[in-house]
Amino acid sequence: MTHGRAAPTLSIIVPTYQESKNVPILFERIAAALGGVPWEMIVVDDDSPDGTSNVAFGLATTDARLRCLRRVNRSGLAGAVIEGWMSSSADFVAVIDGDLQHDESILLTMYQALAEGSGNLVIGTRLRDASEGTLSPARQRLSDLGAWFFRRVAGTAVSDPMSGFFMTRREIVSRLAPRLSPDGFKILVDVILSAGGDLKIVEIPYAFRKRHAGESKLTPLVGIDFIGLVVHHATAGALPTRFVLFAMIGAVGLVVHVLALSAVLHWSRVLTFDSGQLFATVVAMASNFILNNEITYRSYRYRGLGKIAGFVGFVLGCSVGAIANIDIASWLYKDNQTWWIAGLAGALLSVVWNYAVSTNVVWRPGRR
């Protein structure tokens with residue numbers, strides 16, 4: 001028998017991947033937490049192979065407070081949240097993870113803060129002491145660094161800008177949606193930076209829980225996505241977030257190249273310079289491929305043996321960029337004899353080419 005309901009005033013967006021066991025538990029907990037508030041839960045699933053969307057659709061047949069959007073050939077947390085927002089007609093919208101780590105019991109307090117006008121963005125802020133042990137040391141340091149960096153760049157005193165648990169008015173995200181990046185994980189950062197000074201922020205503390213089941217969407221490396229998003233806004237959108245991440249990883253690859261070359265020439269002394277240069281180039285390319293696969297193009301990343309084919313494609317594409325780098329730099333050097341201008345122009349061309357090939361060929365849209 002299907003429950004009758006009033007039109008929801010609150011839509012709770014739950015981006016999911018591999019959360020089939022958690023969805024029913026979260027739904028029941030939200031129902032207990034919100035009491036008489038007219039609400040709905042919108043599961044936005046990235047076509048999980050564990051049947052998360054099937055579980056959600058099954059629940060929806062018996063309770064109209066649950067809806068599910070199954071995304072095919074599209075993936076990524078930020079994009080899922082934006083699609084969930086755009087499917088809502090409620091006055092307020094919330095975002096909560098499907099892994100049961102966020103404390104849904106504060107949803108009512110968050111809702112009341114918005115309804116009473118205390119603020120127009122309410123953030124669930126993780127209590128450090130109460131959450132002890134639920135974050136790895138690396139993730140805790142990353143979270144602390146992100147908060148410190150965000151306060152200095154954005155000029156906004158937010159304790160936990162990397163939180164994925166927040167609530168706001170739908171009219172705000174509807175207005176901001178064209179400016180929000182569908183890539184990456186830090187949707188809250190994007191909302192705050194895109195809104196400028198138009199937000200009155202309220203923070204509600206809660207104890208972060210341990211993961212119940214399913215697959216974590218985050219690794220410590222994904223914190224680099226946060227920096228890329230901030231740089232994107234600092235350049236007024238001139239540099240896409242994904243390009244910033246790609247360039248940052250390219251800089252890491254340069255350091256890896258120098259270290260690898262130094263290792264074989266000065267430490268082990270087993271290779272000639274030419275052989276060592278080739279070895280260091282391959283190591284740097286492997287480093288770049290692994291980091292881009294896990295960070296820049298995580299939504300379309302290669303898995304298992306597929307990484308071999310992806311790496312081969314990456315090497316071939318970057319080899320063309322390297323040849324273009326040398327040709328352009330040599331031509332410019334012969335023309336004006338200014339080595340650093342020639343070198344910088346060649347390097348810039350190489351980065352742009354490699355990014356274009358990586359985005360449109362190696363990790364083309366639609367890849368999981």
Side-chain angles (χ1 to χ4, degrees), residues 11-28 30 40-88 93-102 164-165 173 177 180-188 190 211-219 221-222 225 241-242 245 289-290 292-310 313 358-368:
S11 294
I12 304 163
I13 314 303
V14 186
T16 60
Y17 184 71
Q18 302 276 59
E19 304 285 7
S20 60
K21 295 180 181 178
N22 294 333
V23 166
I25 299 172
L26 180 60
F27 183 73
E28 292 300 323
I30 290 176
E40 66 177 351
M41 173 171 143
I42 304 176
V43 173
V44 186
D45 184 60
D46 285 354
D47 202 18
S48 301
D50 73 340
T52 299
S53 60
N54 291 333
V55 171
F57 284 131
L59 288 172
T61 61
T62 60
D63 197 320
R65 292 176 298 181
L66 190 142
R67 291 197 285 132
C68 179
L69 303 179
R70 177 188 172 193
R71 303 207 303 166
V72 179
N73 294 328
R74 302 190 309 284
S75 60
L77 187 145
V81 171
I82 294 170
E83 288 191 36
W85 283 337
M86 296 303 97
S87 73
S88 170
V93 289
V95 180
I96 188 171
D97 282 353
D99 55 18
L100 307 180
Q101 292 186 283
H102 296 157
F165 185 22
V173 292
L180 300 177
S181 170
D183 302 315
F185 293 84
K186 302 306 173 190
I187 184 70
L188 175 60
D190 207 1
R211 164 171 278 274
H212 181 267
E215 176 180 306
S216 177
K217 304 173 188 67
L218 300 177
T219 71
L221 292 176
V222 177
D225 170 73
T241 303
R242 188 167 278 172
L245 298 179
F289 174 78
I290 292 170
N292 279 311
N293 195 54
E294 291 299 320
I295 301 173
T296 312
Y297 302 101
R298 183 175 175 83
S299 298
Y300 312 124
R301 68 188 183 277
Y302 290 88
R303 301 172 185 267
L305 294 177
K307 292 179 181 179
I308 298 175
S358 296
T359 300
N360 297 296
V361 179
V362 182
W363 289 278
R364 62 189 178 279
R367 271 204 52 80
R368 171 60 63 85

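Quick caveat, the model's predicted, so the values are computed rather than measured.
- Atom CG of Leu66 is separated from atom CG of Leu26 by 9.5 Å, given to the nearest 0.5 angstrom.
- Without hydrogens or angle criteria, Asp97 side chain to Asp99 main chain gives no donor-acceptor distance under 3.5 Å.
- You'll find the side chain of Gln101 stays beyond 4.5 Å of the side chain of Phe165, heavy atoms only.
- Closest non-hydrogen pair, Leu69 versus Ser87, comes out as CD1-OG, 3.8 Å.
- Although no hydrogens or angles enter the test, the distance criterion places no donor-acceptor pair under 3.5 Å between the side chain of Asp46 and the main chain of Tyr17.
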**Request:** For Tyr302 and Ile308, run side chain to side chain contact (heavy atoms under 4.5 Å, CB included): C-alpha distance rounded to whole Å, both residues' side-chain angles, the deciding distance at 0.1 Å, then the answer.
**Result:** CA-CA 9 Å; Tyr302 290 88; Ile308 298 175; over 6 Å; no
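- Rounding to the nearest 0.5 Å gives a distance of 9.5 Å between CZ of Phe289 and OG of Ser358.
- The shortest non-hydrogen separation linking Gln18 to Ser48 is N-OG, 2.8 Å.
- Between the side chains of Ser181 and Asp190, not a single donor N or O lies within less than 3.5 Å of an accepting N or O.
- Taking Asn292 as the reference, Thr296 meet the side-chain hydrogen bond (donor to acceptor under 3.5 Å, both in side chains) condition, with sequence neighbours excluded.
- The backbone N or O of Ser20 sits less than 3.5 Å from a side-chain atom of Thr52, completing a donor-acceptor pair.
- In this structure, the separation between CG on Leu100 and CD on Glu19 is 7.5 Å, given to the nearest 0.5 Å.
- We find the CD1-CG distance between Ile187 and Leu180 to be 5.0 Å, quoted to the nearest 0.5 Å.
- For the side-chain hydrogen bond (donor to acceptor under 3.5 Å, both in side chains) test, residues two or more places apart in sequence or in another chain that qualify with Asn293 are Trp363.
- Using a 4.5 Å heavy-atom threshold, the side chains of Thr359 and Tyr297 count as touching.
- One distance of note links CG of Asp63 with CD of Glu28; it measures 8.0 Å at 0.5 Å rounding.
- Residues Met41 and Val23 have side chains in contact (heavy-atom distance under 4.5 Å, counting atoms from C-beta outward).
- Checked by atom type and distance alone, the side chain of Arg65 never pairs as donor or acceptor with a backbone atom of Phe27 at under 3.5 Å.
- Across Arg74, Arg70, Arg67, a single residue satisfies salt bridge (charged side-chain N to carboxylate O under 4.0 Å, His left out) together with Glu83, and that is Arg74.
- To the nearest 0.5 angstrom, Ile13 atom CD1 is 11.5 Å from Ile82 atom CD1.
- Residues meeting the side chain to side chain contact (heavy atoms under 4.5 Å, CB included) test with Ser88, sequence neighbours left out: Ser11, Glu40, Ile42, Ala90, Val93, Arg170.
- The heavy-atom pair separating Arg301 from Arg303 by the smallest distance is NH2-NH2, 2.9 Å.
- The nearest pair of heavy atoms linking Arg71 to Asp47 is O-CB, 3.2 Å.
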